[in-house]
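Chain naming here is simple, since letters A, B, ... match the order of the sequence lines and numbering starts at 1 in each.
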Number of protein chains: 2
Amino acid sequence: MVRVGLTTERLVRAGAELADEVGFDQVTVSALARRFDVKVASLYSHVRNSQDLKTRIALLALEELADRAATALAGRAGKDALAAFADVYRDYAREHPGRYAAAQLRLDPETAAASAGVRHARMTRAVLRGYDLTEPDQTHAVRLLGSVFHGYVSLETGGGFSHSAPDTQETWTRIVDALDALLRNWPTS
Amino acid sequence: MVRVGLTTERLVRAGAELADEVGFDQVTVSALARRFDVKVASLYSHVRNSQDLKTRIALLALEELADRAATALAGRAGKDALAAFADVYRDYAREHPGRYAAAQLRLDPETAAASAGVRHARMTRAVLRGYDLTEPDQTHAVRLLGSVFHGYVSLETGGGFSHSAPDTQETWTRIVDALDALLRNWPTS
DNA sequence: TGCATTTACCTAAATCCTTTAGGCAACCTG
DNA sequence: CAGGTTGCCTAAAGGATTTAGGTAAATGCA
C-alpha cells in the first residue's frame, strides 16, 4: 500500500482545479478519487461527504477572491479603486470559472458569516469611501455594485453576451464609467 | 395497468413545479417518476434524458418570463416601463425560484437562439426606447440592465442581502431610480 | 529498538440515479 | 372487433454516494 498523502487541504485544492477544468457541478467525490488514483472511500476520511467537499471549495474561492480584492484595493481610491475591484471579479471568473461558480454556492448562515465573504463585503464598502454617500444610500450602493459585478460576470461567463458586437471589454469599461458617474451623482429620494 | 396520461408537456410542467419546491438541481428523472407514481423508465419515452428534461424546464421558464415582460411593458414607457420590467424579474424569481434557476441554465447556441430568450432580449431594448441612446451605447445599456437585474435577483434569492438593514424593497426601488437617472444621463466616452 | 497507537488507505456492500432493451396491455382507427 | 400505436412495464447495467470494518504504514514513546 503506497500512501498518496491525502489531506483535506489537498483534496479541496484539487477539487478547485477540477472545477475549473470540468465545471463545478461535475465535481464529484468519485472524480476526485480518480484524480488521485485512489479508491473513493478513502476520501471520506478527509471530507464528510460530497456537499462538504463543495462547501470547502466554495470557501476557498471566497478566500481567493477576497485576497485579490484586498491586493487590488491597496493604494487605490475613487474610480481607480472601483475599476480595480470590478476587474477582480471579472478576471477571477475568467481564470477560474469553476471556482467562481463555487463561490455562488448557497451557504448556510453560520458558514457564510464565518467565510471570507464578509471580508469581501467590507471591501465593497471601502470602495465607496471614495464617494460621498451616507447610510442608507451606502448600503443600497453596495448592493448595486454587487449586483452589477456578479450579474455581468455570470452572464458573460454563461455566454449571454457572446453573439453580439460590440465586444465585451468595451461594455465592461463603459459600465464601470457609468457606475462611477452614478455614484458621484447619486440620486437622493 | 392504469395509464396516468404522461406527455412531455405534463412532465415539463411538473418538473418546473418540482424545481420550485425542492430546487432546480434536485430535479431528477427519478423524483419526477415518483411524483407521478410511475416507474422511472416510463419517462424516457417522453424525455430523452435528464439533461433534456432540464433544458425543457429552462425553455418553459424563459417563455414565462418573456410573457410576463411583454404584459408588463404593454402601454408603458420611460421609467414606468423600466420599473415594470425590473419587477418582472424580481417577482418571477421570488414566485418561482426553481424556474428562475432553470432559466440560467447554459443552453447550446442553437437552442438559445430558438428560445424565448431572444424575445426577452428584444424587450430589454424596447425599454430603452424611452431613453436617448444610440448604438453602441444602447447595447452597453442592455447589458448593464441585464447584469443588474439578474445579479440583484440571484443575490437576493441566494440570501446575499438577508442579514442586513435596510430592507431589500427599498434597495430595489432605489436601484431602479438610480438606473433611470443613469440612463437619462448616460456618460459619453 | 520494540511496541502501541494513530493514520491512510483498502475491500465490500447498500442505496440511489441514469439509461437502454424488450415486452405486454390498453387505447384509437377503421 | 382486428390492427397498429402508444403508454407503461420489468429487467439489467453502469456510476455516484456513503458506511462499516480491516490492514498496512507512519508515528510516538518506552
[X] [atom1] to [N] [atom2]: how many Å, rounded?
X: A/Gln51; N: C/dC16; atom1: CD; atom2: P; value: 19 Å
X: A/Glu9; N: C/dA8; atom1: CD; atom2: C1'; value: 17 Å
X: B/Tyr44; N: D/dC9; atom1: OH; atom2: C1'; value: 16 Å
X: B/Leu6; N: D/dT5; atom1: CG; atom2: P; value: 21 Å
X: A/His46; N: C/dT6; atom1: NE2; atom2: P; value: 17 Å
X: A/Asp52; N: D/dT17; atom1: CG; atom2: P; value: 13 Å
X: B/Asp25; N: D/dT17; atom1: CG; atom2: P; value: 14 Å
X: A/Leu53; N: D/dT18; atom1: CG; atom2: P; value: 10 Å

Q. Who does C/dA25 pair with, Watson-Crick or G-U, both distances under 3.5 Å?
A. D/dT6
Q | Residue matched to C/dA8 through Watson-Crick or wobble contacts both under 3.5 angstrom | A | D/dT23
So which nucleotide from [options] ends up closest to the side chain of [X]?
X: A/Ala41; options: C/dT11, D/dT17, C/dC17; answer: C/dT11
X: B/Ser30; options: C/dT18, D/dC9, D/dG7; answer: C/dT18
X: A/Asn49; options: C/dC17, D/dT18, C/dC9; answer: D/dT18

Residue-phosphate contact under 4.0 Å: [X] side-chain N/O, [N] OP1/OP2:
X: A/Arg48; N: D/dT18; value: no
X: B/Ser50; N: C/dT18; value: yes
X: B/Ser45; N: D/dG7; value: no
X: B/Thr28; N: C/dC16; value: no

Between [X] and [Y], is any side-chain donor less than 3.5 angstrom from a side-chain acceptor?
X: A/Glu135; Y: A/Thr139; value: yes
X: B/Arg129; Y: B/Gln138; value: no
X: A/His46; Y: A/Thr7; value: no

Q. What is the nucleic acid contact for A/Val4, judged by heavy atoms within less than 4.0 Å: base, sugar-phosphate only, or nothing?
A. sugar-phosphate
(Q) Are more than 12 heavy atoms, taken from residues, nucleotides or ligands other than B/Asp108, located less than 6.0 Å from that residue's CG atom? (A) yes
Q) Should the ring pair A/Tyr152 and A/Trp172 be called parallel, tilted or perpendicular, given that the plane angle runs from 0 to 90° and is split at 30 and 60? A) tilted
